[in-house]
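Notes to accompany the following structure.
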Amino acid sequence: MKAEQIYTLNWQGIIINISFKPDYFNSTKKILGTAISHLKIKALEPLPITSIGFKSLFLSIGEIEEEGDAISYIQNWLDASAKSEAWKQYHKAKIQLSLF
């Protein structure tokens with residue numbers, strides 16, 4: 001089992017803490033032929049991939065490797081999800097100061 005990797009990502013001014021375990025379960029590589037990895041994403045505010053700033057995700061290591069690494073996977077996921085109207089409205093309201 002590979003060791004947990006810890007990263008910090010600054011995405012659009014939001015600090016995101018990331019925990020990545022490339023081979024979360026010891027047995028899946030033998031049984032399924034691929035390692036199952038785990039991503040834990042934490043921020044102190046909403047993200048386009050989670051309204052509460054926390055996301056836990058299990059996926060095959062191949063999905064991560066297709067993007068290059070865990071940081072690239074998350075960066076691409078955030079960038080793609082940020083194109084949604086809901087995120088655009090949230091982000092606009094966040095940066096717009098309220099008079100009331």
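Fair warning: this is a prediction, and the values are worked out from it, not measured in the lab.
Using a 4.5 Å cut-off between side-chain heavy atoms of Ile, Leu, Val, Met, Phe, Trp and Tyr, with links allowed through other members, I15 and L47 fall into different hydrophobic clusters.
Residues I6 and I18 fail the side-chain proximity criterion, which asks for heavy atoms closer than 4.5 Å. The shortest distance between side-chain heavy atoms of F20 and D69 does not fall below 4.5 Å. Within the 4.5 Å cutoff, no side-chain heavy atoms of L59 are placed close to those of I36. Contact check for L78 versus P48: side-chain heavy atoms found under the 4.5 Å cut-off.
The minimum heavy-atom distance linking Q12 with H91 is given by the pair OE1-CE1, 3.9 Å. In terms of heavy atoms, Y73 sits closest to E67 at CD1-CG, 3.6 Å. For I61 against P22, the heavy-atom pair with the smallest separation is CD1-O, 3.7 Å. Of all the heavy atoms in A70 and I64, the pair that sits closest is N-CG2, 3.6 Å. Considering every non-hydrogen atom in both L9 and Q75, the closest pair reads CD1-OE1, 3.5 Å. Closest approach of I16 and A43 over heavy atoms only: CG1-CB, 4.2 Å.
Residues F58 and F25 place their aromatic rings such that the two centres sit under 6.0 Å apart.
The only option from K42, E4, H38, K40 that meets the side chain to side chain donor-acceptor pair (under 3.5 Å) definition with S19 turns out to be E4.
Between the side chains of Q5 and Y7, at least one donor-acceptor pair of N or O atoms lies under 3.5 Å.
Residues meeting the side-chain hydrogen bond (donor to acceptor under 3.5 Å, both in side chains) test with E66, sequence neighbours left out: none. By the ring pair (Phe, Tyr, Trp, His ring centres under 6.0 Å) test, Y90 is found to be paired with W87, residues two or more places apart in sequence or in another chain being considered.
Note that OG1 of T8 is 4.5 Å distant from CG of N17, once rounded to the nearest 0.5 Å. The distance from atom CD1 of I74 to atom OG of S81, rounded to the nearest 0.5 Å, is 11.5 Å.
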